[in-house]
Amino acid sequence: MDTVNAPWTPTSWRDRPAMQQPQWPDADALDAVLKELGTLPPLVFAGESRDLTSRLAAVSRGEAFLLQAGDCAESFDRLNADILRDKLKVILQMAVVLTYSAGVPIVKVGRIAGQFAKPRSSDTEIVDDIELPSFRGHIVNDASFSPEARTPEPKRLLQAYNQSASTLNLLRAFTKGGFADLRRVHAWNQEYVASSNEGQRYEKLAEGIDAALRFIEAAGFATDLDERLHQVDFYTSHEALILGYEEALTRQDSLTDDWYDCSAHMLWIGERTRQLEGAHVEFLRGVENPVGCKLGPTATTDEVVALCEALNPTKLPGRLTLITRMGADNIEAALPPLLRAVADARHPVVWASDPMHGNTYTSENGHKTRHFDHVLGEVSGFFAAHRSEGTWPGGIHVELTGENVTECLGGADQLADADLDLRYETICDPRLNGRQSLDLAFRVAELLGD
Ligand code: PEP
Ligand code: CO
């Protein structure tokens, strides 16, 4: 079938092969839940997604930078205001560092309020000769290794919706209700971050911002009146993996008659589900949200240009973000041909670097981890490739938390293998902690300033 020209409907993905879908044991129970989801209010509004598209359009022109960050997988067991606040603090700190040093607006997008589904390399997991379905994220099943926990449970789709709604509610309160006020720039520096070198470097920068604000006020500008100083626009995103859930939250906008997936502002397609004729590309080509697509080291120029054609046939700036996750060793060789091919095809994409997913390995003591040096190596390679091709390194896409976890190695604290046992708390991939995240922001700011 011709992917680009066949008619699209919210259900047309059902005629395509859909990778990475759970084997729901009870089709009727699943249908009942999806019907109920279809009656519930949208989580985000079409107009907000359109705003994000126009901000990403600025990124595609080289006039802004994208910071997309959050958990690998959100957890049903950790819906907690303090954890959310601390994650937001780190992301706001990173954004301030990047804005201050790079002098361009930072478009802030969380892997948050819906990032519950995980693609897996194998459908099942075997422990002590017992084979059970793999853990696919809390929207599907639970991580503990028992038949009850691992059996896909459709009611979890409703819990994912409800947790996304609570998270979004809190996010809106934090970002619009005074917490994100630039005059509170010092308060985002959590104690365990503030005591580090990066934290102190941040403190100096924050003092500079204070001084600039005082100067502007003294010069007679009424800073109280400008809401841009007191509020932040923060957008949500997740991998659009479980297509029944995404379909149920897809609604027709009353203003434009266009379809929007109202589960998040931005959705992306993972490395394992980006087949041109597959269900995920089919579903996302028809919604008007900004969409992302991950690109691993095997992505070919033909594939990437075909994905651009399928997902953004009208070449709308801001519509498509290509998120490369090649691995630190591959990026400098693998990226330039893709940059050239997309530029030659005149597709106005945002290029973002995910320096996490191509750099994961298992440590000696058995933890899935990443080394800060490899993360930095991939980001540096990404910048170098863009510099050599004359394209704009548009953003970074990272897995982080505000908590003082020990999941990724290295960084200024030189976390070592033995430290991973201390506070390894992720339910999926290893995340940068607050210090490592801030450190990364300073390094990226330097690359942007070069
Ligand atoms: C992810 O972003 O969590 C993920 C699974 O990434 P990728 O599809 O790039 O492997
Ligand atoms: Co991940």
Side-chain angles (χ1 to χ4, degrees), residues 64-71 82-112 171 174-175 178-216 223 228-234 353 355-356 372-373 375-376 379-380 383 395-408 410-415 423 431-450:
F65 190 79
L66 168 66
L67 173 60
Q68 191 169 14
D71 282 293
D82 291 351
I83 294 177
L84 183 71
R85 182 201 56 210
D86 291 346
K87 197 174 305 159
L88 194 59
K89 278 184 178 172
V90 171
I91 295 174
L92 291 174
Q93 282 189 294
M94 292 176 82
V96 157
V97 168
L98 290 165
T99 320
Y100 198 81
S101 317
V104 293
I106 307 300
V107 182
K108 295 167 270 299
V109 181
R111 288 174 61 110
I112 208 163
L171 273 174
F174 276 138
T175 54
F179 179 81
D181 193 316
L182 205 49
R183 287 172 304 192
R184 290 177 48 90
V185 67
H186 293 278
W188 305 333
N189 211 3
Q190 294 183 71
E191 217 171 279
Y192 88 91
V193 179
S195 59
S196 67
N197 281 342
E198 308 81 71
Q200 281 161 22
R201 200 171 163 193
Y202 174 82
E203 207 48 46
K204 285 212 181 69
L205 189 150
E207 281 161 19
I209 292 175
D210 279 345
L213 285 174
R214 277 198 306 274
F215 172 78
I216 293 170
T223 55
R228 282 169 301 183
L229 292 173
H230 313 300
Q231 300 187 354
V232 154
D233 290 323
F234 190 88
S353 169
M356 316 296 293
F372 187 80
D373 291 349
V375 170
L376 201 58
V379 176
S380 307
F383 272 79
I396 54 168
H397 178 121
V398 289
E399 291 182 342
L400 57 71
T401 174
E403 294 162 272
N404 189 10
V405 299
T406 55
E407 297 170 6
C408 290
D413 285 343
Q414 287 300 327
L415 287 184
R423 288 177 301 280
R431 303 160 296 177
L432 299 173
N433 64 28
R435 289 179 170 187
Q436 291 168 326
S437 302
L438 192 57
D439 196 357
L440 180 66
F442 276 113
R443 311 288 190 110
V444 172
E446 279 159 17
L447 288 167
L448 269 169
D450 277 351

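For reference, positions follow the sequence shown, starting with 1.
Across every non-hydrogen atom of Ala180 and Val232, the tightest pair is CB-CG2, 3.7 Å. The two residues Ile91 and Ala69 have their closest heavy-atom pair at CD1-O, 3.8 Å. When all heavy atoms are compared, the tightest approach of Val444 to Phe65 is CG1-CZ, 3.9 Å. The shortest non-hydrogen separation linking Trp188 to Phe179 is NE1-O, 3.0 Å. Contact record, Gly434 with Val90: CA-CG2, 3.9 Å, taken as the closest heavy-atom pair. Here the closest non-hydrogen pair linking Ser437 and Leu400 is OG-CB, 3.4 Å.
Using a cutoff of 4.0 Å between basic side-chain nitrogens and carboxylate oxygens, Arg431 and Glu407 are scored as salt-bridged. We find that Lys204 and Glu198 are not joined by a salt bridge, their nearest charged nitrogen and carboxylate oxygen being 4.0 Å or further apart.
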#### Entry: Verdict with reasoning, Ile396 to Gln68, per side chain to side chain contact (heavy atoms under 4.5 Å, CB included)
CA-CA 6 Å; Ile396 54 168; Gln68 191 169 14; over 6 Å; no

Q: Go through the steps for Ile112 and Asp71 under the test side chain to side chain contact (heavy atoms under 4.5 Å, CB included), then give the verdict.
A: CA-CA 7 Å; Ile112 208 163; Asp71 282 293; 6.0 Å; no

Please walk me through it: do Leu229 and Leu213 pass side chain to side chain contact (heavy atoms under 4.5 Å, CB included)?
CA-CA 9 Å; Leu229 292 173; Leu213 285 174; 4.1 Å; yes

Would you please test Val109 and Leu67 for side chain to side chain contact (heavy atoms under 4.5 Å, CB included) and show each step? CA-CA 6 Å; Val109 181; Leu67 173 60; over 6 Å; no

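We find the CD1-CG distance between Ile83 and Leu88 to be 13.5 Å, quoted to the nearest 0.5 Å. Distance check, rounded to the nearest 0.5 Å: OH of Tyr202 to CE of Met94 gives 12.0 Å. How far CD of Gln200 is from CG of Leu205: 13.5 Å, rounded to the nearest 0.5 Å. In this structure, the separation between CZ on Phe174 and CZ on Arg85 is 6.5 Å, given to the nearest 0.5 Å. Distance check: Leu438 CG to Lys89 NZ gives 13.0 Å after rounding to the nearest 0.5 Å.
Side chains of Leu182 and Val96 form a contact here, defined as non-hydrogen atoms less than 4.5 Å apart. Using a 4.5 Å heavy-atom threshold, the side chains of Thr401 and Leu432 count as separate. Taking the side chain as every heavy atom from C-beta outward, Cys408 and Leu415 never approach each other to under 4.5 Å.
Not a single donor-acceptor pair under 3.5 Å links the side chain of Asn433 to the backbone N or O of Glu403. Although no hydrogens or angles enter the test, the distance criterion places no donor-acceptor pair under 3.5 Å between the side chain of Glu399 and the main chain of Gly70. Formation of a donor-acceptor pair under 3.5 Å by the Gln436 side chain with backbone atoms of Gly410 is found in this model.
Remark: Asp181 engages Arg183 in a salt bridge (charged side-chain N to carboxylate O under 4.0 Å, His left out) (not counting sequence neighbours). For Arg214, the salt bridge (charged side-chain N to carboxylate O under 4.0 Å, His left out) criterion is met by no residue, not counting sequence neighbours.
For the pair Arg435 and Tyr192, the cation-pi criterion (under 6.0 Å, within 45° of the ring axis) is not fulfilled.
Heavy-atom neighbours of Glu191 CD from other residues, nucleotides or ligands within 6.0 Å: at or below the threshold of 12.
Sorted by first and then second residue, the side-chain hydrogen bond (donor to acceptor under 3.5 Å, both in side chains) pairs involving residues 94-108 (not counting sequence neighbours) form an empty list.
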